[in-house]
Enquirer: 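Below you will find the structure I want to go over with you.
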Amino acid sequence: MIPEIGNLALNFALAIALLQFILPLVGLSTNRWRLVLLAKPMATALFIFVSIAFAALAWSFYINDFTVAYVASHSNRFLPTAYRLGATWGGHEGSLLLWVFILASWTFAVAMMSRTLPAMTRARVLAVLGAVAIGFLSFILFTSNPFDRLLPIYPVDGSDLNPLLQDPGMVFHPPLLYMGYVGFSVAFAFALAALLEGRIDALWARWVRPWTLAAWMFLTMGIATGSWWAYYELGWGGWWFWDPVENASFMPWLIGTALLHSLAATEKRGVFKAWTTLLAIAAFSFSLLGTFLVRSGVLTSVHAFANDPVRGTYILVFLGIVVGASLLLFAMRASTVSVTSWFGALSREALFLWNNLILAVVTVMVLIGTLQPIIADLLELGKVSVGPPYFNMVFNILMTPLVFLVALGPVVRWREYSFSELVVKSRIAFVLALVIAAVSLLGASGKTGSEMAQVYLGIFLASWVTIMTFKEWWSQANRKSGFKWRKVNTSYYGMMFAHLGLVIVVVGVVLSSHLSVEKVIRMGPAQKQEVNGFVFEFVGITQRKASNFDALRGEFKVYKNDKLLATLNPEKRQYHASGQWMTEAGIDSSLFRDLYVAMGEQLPDSTDWAVRVYIKSFVMWLWLGGLMMAFGALISILDKRYRSRESK
Amino acid sequence: MDPVLKKKLLFISPLAVFSVMVILLFTGLGKDPTQLESQLIGKPIPEFERVTLMDTNQRVTDKDIKGPALLNVFASWCPSCYTEHPYLMQLQSQKAVTIYGLNYKDTVPKGLKFINDLGDPYDTIIFDENGRLGIELGVYGAPETFVINAENKIIYRHVGVVTDRVWQELIKPMLVDDLKGNTP
Amino acid sequence: MKQLTLAPIKVLSLLLIMAVSALTLKAEIIFYEFDDPVLEQRFNVLIQELRCPKCQNNNLADSNAPLSVDLKDIIYEQLHKGATDDEIISYLKARYGDFIYYKPPVKPSTWFIWFGPFALLLVGSFLVIRFLRSRSTTQSSTDDNTEKDSKDASMKLVEQWQSEAGDND
């Protein structure tokens, strides 16, 4: 009964989405105001029906209704409740339903929070969002329906959720990611509305900015969660592999970052209007492209949700139509809106131009590297692999000048700035950063020249940006009449958090990559071994039973200078339903190092175990920096300028 | 260039680039991105010496592989090999082509059971217990079949099951063409 | 309730699994013991940069597929025989192609990967610089007139907000 309600709700939702798309646009072109005003109630209705459908699927998992095919293949009687709910989006069909649910939520939010927006604009924005919903709802209903039943013969128990996904990180990662991905549809819709109206102005930019900030914030958290999950779950201490699916989430993030900066310039100075519009279209386009890459089977990936060319064709056609139409609209209308005011070669506008150029080039680089197998196949160039050695090298080279410029952004004023003044303001910070980086190398003994150079560069950039950011903040907060926190507005603090978060990530990347230690050691119970100044004691192994797995649980104590630092409990689990074995690492995290132990295998004819020990330096800085960036976005959204109640 | 035209070209370029990308992605649909091409095309069988599966006292070397022939990589742990084997039996009964076998990463008892249960279409079966010969050949799974021409060079490596269609439409024409090319 | 009565069976099966795992471990050993830490470091780097030929985008470090283990064995042996990193990589490439190494080679068919981004950056930088330079001559009243012409009510409103909030960012 409930699955049928869910299915029916989806059908209703599709009908409403169609109306939401068509009616307001018809109303606008035929001057029928009532039709135009229907946009908002339609959006509300869409949200209600999609919510019903989503709730129906979640309920089916909660009660473990194995007559529903999707539940049967992703759940199990002994799967803990929390993971059953997470399993709702653990597979292709359910994750698409999550996608649409989040789209309907954003649409609803825009409908509700747009009182000061002219009704015509709101109608266009909601119509565009309706069009996107049509695509996804029909995709679900025609090719990927989560409510398909297994009647009349259904299993008494399900296949269980993939053990890799039975983890809190994996429960939060998709929703956060989708809130970001899908959130860019709002900026996309606003861009198209502006092109349709033939008008882009500072007011439009002010409107779009908080929505874009929110989407970017969620995407940052989504990517950070995924990376953190890979680190602690996969057992080898890695956190980014440049896998096509990872790249699919990173490209919208890069474009989104460029968009945030470009939007600021459009809002403040009325410049880059056409470019900002293009970026807004591009950000969501990359989200759609990512959805395609992950589900079509064109690329090899550990993460791929589905490998179905039929579904892939459907998404590609949808992508082609939506993005193609948007870019056509852009080609036709963008020239009418691009009027640019002057700014000098050294100005904040110019710096944002460089920011956008570098981010665009990096995005293209990631795209081409990801699509290379398809290109090579088409042009018969022979099969090569493009992986971390390539991406890490090129990415780091391209990002270095960008991170360098981050320090200058807040200092250099809008419109024009004197180069000599910039030099005076920054020369001490520059030298100081060089010195700090040199000092940090003292901790990096025994490394190759190339590694030391990378550590040096990373620490230099981080110090440089940090010093300049605080220096500028201090002078801003102190101007005219002594220090006051509030002399600097909320949005400025947001920017500070975001920039500092970025360089904290840089420090985490550089130090964890080059200063970490990894060793496979053979240990028997009650034995101790020293690794890099830490003494690891293998206490022993016990057995543990959970509802859907059995575990061998190791106990390790870690000492430094004879002081007990941590007790770690890595496990090897066997899941009942699938028989699959999983390794869970035991991790002790602290600010400057993670102690990480993963049990390998028990050696034959022995009680000894092969154990992997990692001492991961500064790896926490990666997640902290990511959180900080997201926090910066959050604070910026709270700036009171976005809550002004003026209407025109 | 006329500045108005220049601007028009500029604004239409994103659509142009996007269209190229969509076409590219279309070509990628339906293909299998995990297929690898053999590095040994045009080269002889690598030098080796192994025992045979049927008689572990007997040795077989690369000199014993004489084309035109197929070298079929199989194993008792490979499900598709069970599907493929009857057709190989058929090919052998028709005397269509000589087939050599490579029992890959298997044990003697299990390999023998496979042959006893399903039949022996092979001229000789090379026993590659640790899979090192497979690595020399660039094998990355089973079943795989190497097509060897009259000059004992590898001209193709087929990944997956050899079906009637594969034989008729792909491998046999290759061998025929090769023979024609080498007969003045 | 069912779970309680199955408990002894579960323990037995766990022990059985352990025993079986111990037997099958022979094929799955991922323990490579090194006396020389330099060799161990080289090994760790190599197995992260080499690809498992049959996996869905995994390096050898992350894969326990039988083929991956065999390849790791080969790398281990060759390191101890004194082979250089390049020699080991070439050995594997000769059998599995460039595909097996995650760093694409630099040859005409991969120039667009290696040089494309930098070429793009150079061209883009050139265009940006040219754009910035071309405007230095128009820093005059003509530009301000254009600004005045296109200024609309919304721009005025935004400027008012800015002066209220304090234009620090």
Side-chain angles (χ1 to χ4, degrees), chain A residues 201-203 206 234 236 243 267-268 270 300-302 304 339 341-342 344-345 350 353-354 357-358 360-361 364-365 368-369 372 376 381-390 394 398 410 476 487-489 491-492 495 518-520 522 543 545 550 574 600-604 610 641 644 646 648, chain C residues 10 14 17-18 21-22 25-26 28-33 40 44 48-49 51 55-59 61-62 97-105 109-110 112-114 116-117 120-121 124-125 128 131-133 135-136 138-139 143 146-147 150 152-155 157-158 161-162 165-166 168-169:
Chain A
D201 53 20
L203 187 60
R206 175 156 292 207
L234 297 182
W236 54 282
D243 178 86
E267 183 196 332
K268 277 283 154 67
T300 318
S301 164
V302 276
V339 177
S341 44
W342 182 87
L353 254 187
W354 289 112
L357 171 67
I358 295 175
V361 170
V364 170
M365 181 274 290
I368 305 258
Q372 186 274 344
L381 298 175
K383 249 189 145 107
V384 300
S385 290
V386 181
Y390 166 79
V394 179
L398 290 173
Q476 287 292 323
K487 280 224 189 93
V488 169
N489 63 25
S491 178
Y492 190 92
M495 177 269 292
E518 173 191 344
K519 247 186 129 43
V520 174
R522 169 207 289 251
Q543 281 172 38
K545 271 185 252 305
D550 296 321
Q574 187 177 36
E601 311 292 330
Q602 184 169 11
L603 300 174
R641 75 177 80 168
S644 43
E646 280 103 314
K648 287 180 59 184
Chain C
K10 285 226 171 90
L14 181 61
I17 286 158
M18 282 172 66
S21 319
L25 273 173
K26 191 150 186 244
E28 278 191 9
I29 269 202
I30 44 172
F31 174 60
Y32 294 95
E33 205 167 6
E40 182 167 18
N44 286 336
Q48 280 182 39
E49 294 185 338
R51 186 170 187 166
C55 307
Q56 299 275 57
N57 201 28
N58 273 347
N59 54 25
D62 195 25
D98 289 330
F99 179 80
I100 203 168
Y101 191 40
Y102 268 120
K103 188 171 181 177
S109 61
T110 57
F112 73 100
I113 297 276
W114 281 110
L120 212 58
L121 186 62
S125 305
V128 166
F131 173 76
L132 291 174
R133 282 250 197 89
R135 325 202 55 228
S136 57
T138 53
Q139 185 200 351
D143 204 24
T146 322
E147 267 192 72
S150 64
D152 43 19
S154 64
M155 190 73 178
L157 203 56
V158 168
W161 290 335
Q162 282 168 0
N168 1 58
D169 73 296

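A note on names: the letters A, B, ... follow the listed sequences, proteins ahead of strands, and every chain is numbered from 1. In what follows, every heavy atom counts, from backbone to side chain, and hydrogens, waters and symmetry copies are set aside.
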Enquirer: Return yes if some donor-acceptor pair links the side-chain N/O of A:S385 with the main-chain N/O of C:F99 below 3.5 Å, else return no.
Expert: yes
Enquirer: Grab the two heavy atoms, one from A:L357 and one from C:S125, that are nearest each other, plus how far apart they are.
Expert: CD2-N, 3.5 Å
Enquirer: How long is the gap from CE on A:M365 to CH2 on C:W114, to the nearest 0.5 Å?
Expert: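 One gets 10.5 Å once the value is rounded to the nearest 0.5 Å.
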Enquirer: Could you look at A:V364 and say if it's the side chain, the backbone, both or neither that has a heavy atom under 4.5 Å from chain C?
Expert: side chain
Enquirer: If I compare all heavy atoms of C:L132 with all of A:G344, which pair ends up nearest, and what's the gap?
Expert: CD2-O, 4.1 Å
Enquirer: What option among A:L381, A:V384, A:V394 has the most heavy-atom pairs under 4.5 Å with chain C?
Expert: A:V384
Enquirer: Do C:V128 and A:W354 pass the side-chain contact (heavy atoms from CB on, under 4.5 Å) test, and can you show the C-alpha distance, the side-chain angles, and the key distance before you say yes or no?
Expert: CA-CA 8 Å; C:V128 166; A:W354 289 112; 3.6 Å; yes
Enquirer: Looking at C:N59, C:I100, C:T110, C:N58, which has the largest count of heavy-atom pairs under 4.5 Å with chain A?
Expert: C:N59
Enquirer: Please name the pair of heavy atoms, one in A:K383 and one in C:D98, separated by the smallest distance, quoted to 0.1 Å.
Expert: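 Smallest interatomic distance, heavy atoms only, reads O-CB, 3.8 Å.
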Enquirer: So which atom in A:E518 and which in C:E40 form the shortest heavy-atom distance, rounded to 0.1 Å?
Expert: O-OE2, 4.5 Å
Enquirer: I need the minimum non-hydrogen distance between C:I113 and A:Y390, along with the two atoms involved.
Expert: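 In terms of heavy atoms, the two residues are closest at O-OH, 2.7 Å.
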Enquirer: Given heavy-atom pairs under 4.5 angstrom as the criterion, report whether the side chain, backbone, both or neither of A:L398 touches chain C.
Expert: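 The side chain, not the backbone.
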Enquirer: Any idea which of A:L234, A:T300, A:I358 has the most non-hydrogen atom pairs under 4.5 angstrom with chain C?
Expert: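 Greatest number of close heavy-atom pairs with chain C: A:T300.
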